[in-house]
Colleague: 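Below is the structure I would like to discuss, written out as structure tokens.
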Amino acid sequence: MSIQFSGGEPTLSPHFLDAIRYARDVGYFAVQCATNGIRFAQEPGFAKKAKEAGLRMAYLQFDGVSNESNAHRKIKNLFDVKLRSIEEMLQAGIDFILVVTVVNGVNNDQIGPILRFAIENSDKITVVSFQPVSFTGRDEDVDDETRAKQRYTLSHLAHDVKAQTG
């Protein structure tokens, strides 16, 4: 059995480590979290504490391979933060998946660079998950014109892989 903590940023909860411990205690084998990685990068030892509590895997939000390609998140130097979080998780023994939510016109130009980054770091990165954007939740105010302009499908992904990687 597996369980994933997600929604907002689960690592910000004061109960995060206790929730991981509880999930393991009641029998969940694969305890996972979906994260932006910021706490793992900014709090030395947090990844180790999460691993000791029973965290097995992190789904790391990953929008591109530069600070510029992450700028839409409104956090300076976010790519540098991602690199630090990867190192922290690796040192703690937490497996991770790079999760790329692809939005047309925002980061679809990063498909090839992300794949190259993963290949160049294949000793660290074993999985990249590309997820075409789905406008839900906080995106309920996205107007139809923006929705159509930013729409991205698996067909777009196949085209971009070919165009950006040859």
Colleague: Give me the one residue out of Val127, Ile86, Thr126 that meets side-chain contact (heavy atoms from CB on, under 4.5 Å) with Leu98.
Modeller: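 Only one of Val127, Ile86, Thr126 forms a side-chain contact (heavy atoms from CB on, under 4.5 Å) with Leu98, namely Ile86.
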
Colleague: Determine the minimum heavy-atom distance between Ser6 and Ala34, stating which atoms define it.
Modeller: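 That closest heavy-atom pairing would be CB-CB, 3.7 Å.
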
Colleague: Report the residues that fulfil ring pair (Phe, Tyr, Trp, His ring centres under 6.0 Å) with Phe40, sequence neighbours left out, ordered by chain and then residue number.
Modeller: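 Testing Phe40 for ring pair (Phe, Tyr, Trp, His ring centres under 6.0 Å), a comparison that skips the adjacent residues, returns Phe46.
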
Colleague: Flag yes if Leu115 and Tyr152 sit in one hydrophobic cluster, no otherwise; membership is Ile, Leu, Val, Met, Phe, Trp, Tyr, and two members link when side-chain heavy atoms are under 4.5 Å apart.
Modeller: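 Same cluster.
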
Colleague: Looking at every heavy atom in both Asn36 and Ile38, which two are closest together, and how far apart are they?
Modeller: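 Minimum heavy-atom contact is OD1-N, 2.9 Å.
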
Colleague: Provide the closest heavy-atom pair for Ile94 versus Ala58 in the form atom of the first, atom of the second, distance.
Modeller: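 It is CG2-N, 4.0 Å.
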
Colleague: Considering residues at least two apart in sequence or located in another chain, which fulfil the side-chain hydrogen bond (donor to acceptor under 3.5 Å, both in side chains) criterion with Thr153?
Modeller: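 Per chain and number, Thr153 pairs via side-chain hydrogen bond (donor to acceptor under 3.5 Å, both in side chains) with His156.
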
Colleague: Shared ILVMFWY cluster between Val65 and Ile119, side chains joined below 4.5 angstrom?
Modeller: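 Per the 4.5 Å side-chain linkage, Val65 and Ile119 are not co-clustered.
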
Colleague: Measure the spacing between SG of Cys33 and CD1 of Ile3 and express it to the nearest 0.5 Å.
Modeller: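 Reported to 0.5 Å precision, the distance equals 12.0 Å.
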
Colleague: Taking side chain as C-beta onward, heavy atoms only, is Glu9 less than 4.5 Å from Thr35?
Modeller: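 Yes, their side chains come closer than 4.5 Å.
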
Colleague: Quick one: CG on Asn121 to CG on Asp123, what's the gap to the nearest 0.5 Å?
Modeller: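 It comes to 6.0 Å.
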
Colleague: If every non-hydrogen atom of Gly112 is compared with every non-hydrogen atom of Gln164, which pair is closest and at what distance?
Modeller: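 Scanning both residues, the minimum pair turns out to be N-OE1, 2.7 Å.
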
Colleague: Give a yes or no answer on whether the side chain of Gln61 reaches the backbone of Gly37 with a donor-acceptor pair at less than 3.5 Å.
Modeller: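 Here the side-chain-to-backbone pair does not exist.
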
Colleague: Can you tell me if Asp160 uses its side chain to pair, donor with acceptor, with the backbone of Leu157 under 3.5 Å?
Modeller: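 Side chain of Asp160 to backbone of Leu157: no pair is present.
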
Colleague: More than 12 heavy atoms of other residues, nucleotides or ligands under 6.0 Å from CZ of Arg21: yes or no?
Modeller: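 Yes, the 6.0 Å shell around CZ holds more than 12 heavy atoms from other groups.
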
Colleague: Say you draw a straight line from CZ of Arg24 to CD1 of Ile20; how long is it, rounded to the nearest 0.5 Å?
Modeller: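 CD1 of Ile20 is found 10.5 Å from CZ of Arg24.
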
Colleague: Which heavy atom of Pro132 sits nearest to which heavy atom of Leu154, and what is that distance?
Modeller: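 Looking at all heavy atoms of both residues, the shortest contact is CG-CD2, 3.8 Å.
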
Colleague: Please state whether the rings of Phe117 and Phe79 are parallel, tilted or perpendicular, taking 30° and 60° as the class boundaries.
Modeller: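 Perpendicular.
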
Colleague: Stepwise, does the side-chain contact (heavy atoms from CB on, under 4.5 Å) test hold for Met57 with Gln4?
Modeller: CA-CA 9 Å; Met57 183 178 298; Gln4 183 182 84; over 6 Å; no

Colleague: What heavy-atom pair brings Thr101 and Asp63 nearest, and what distance separates the two atoms?
Modeller: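 Smallest interatomic distance, heavy atoms only, reads O-OD1, 4.1 Å.
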
Colleague: Less than 4.5 Å apart, side chain to side chain, heavy atoms only: is that true for Phe29 and Arg56?
Modeller: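 Yes - at least one pair of side-chain heavy atoms lies under 4.5 Å apart.
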
Colleague: Met89, Leu83: one ILVMFWY side-chain cluster at the under-4.5 Å cut-off?
Modeller: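 Cluster IDs for Met89 and Leu83 match.
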
Colleague: Considering only residues two or more places apart or on different chains, which pairs with a residue in residues 41-54 satisfy side-chain hydrogen bond (donor to acceptor under 3.5 Å, both in side chains)?
Modeller: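 Residue pairs passing side-chain hydrogen bond (donor to acceptor under 3.5 Å, both in side chains), neighbours aside: Arg39-Glu43.
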
Colleague: Could you state whether Val102 and Ile114 fall into the same hydrophobic cluster, counting links through intermediate Ile, Leu, Val, Met, Phe, Trp or Tyr residues with side-chain heavy atoms under 4.5 angstrom apart?
Modeller: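 Yes; tracing contacts between hydrophobic side chains, which count when under 4.5 Å, links both residues.
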
Colleague: Rounded at 0.5 Å granularity, tell me how far CD in Gln150 sits from CD in Glu145.
Modeller: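 So the gap between those two atoms works out to 10.5 Å.
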
Colleague: With a 4.5 Å cut-off on side-chain heavy-atom distances among I, L, V, M, F, W and Y, is there a chain of contacts connecting Leu90 to Phe62?
Modeller: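 Yes, it is one cluster - the side chains of Leu90 and Phe62 are joined through contacts under 4.5 Å.
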
Colleague: To the nearest 0.5 Å, what is the distance between CG on Leu17 and OG1 on Thr11?
Modeller: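 Interatomic distance, Leu17 CG to Thr11 OG1, rounded to 0.5 Å: 9.5 Å.
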
Colleague: If we only count heavy atoms from C-beta on, is the Glu88 to Ser85 side-chain gap below 4.5 Å?
Modeller: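 Glu88 does not reach Ser85 side chain to side chain.
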
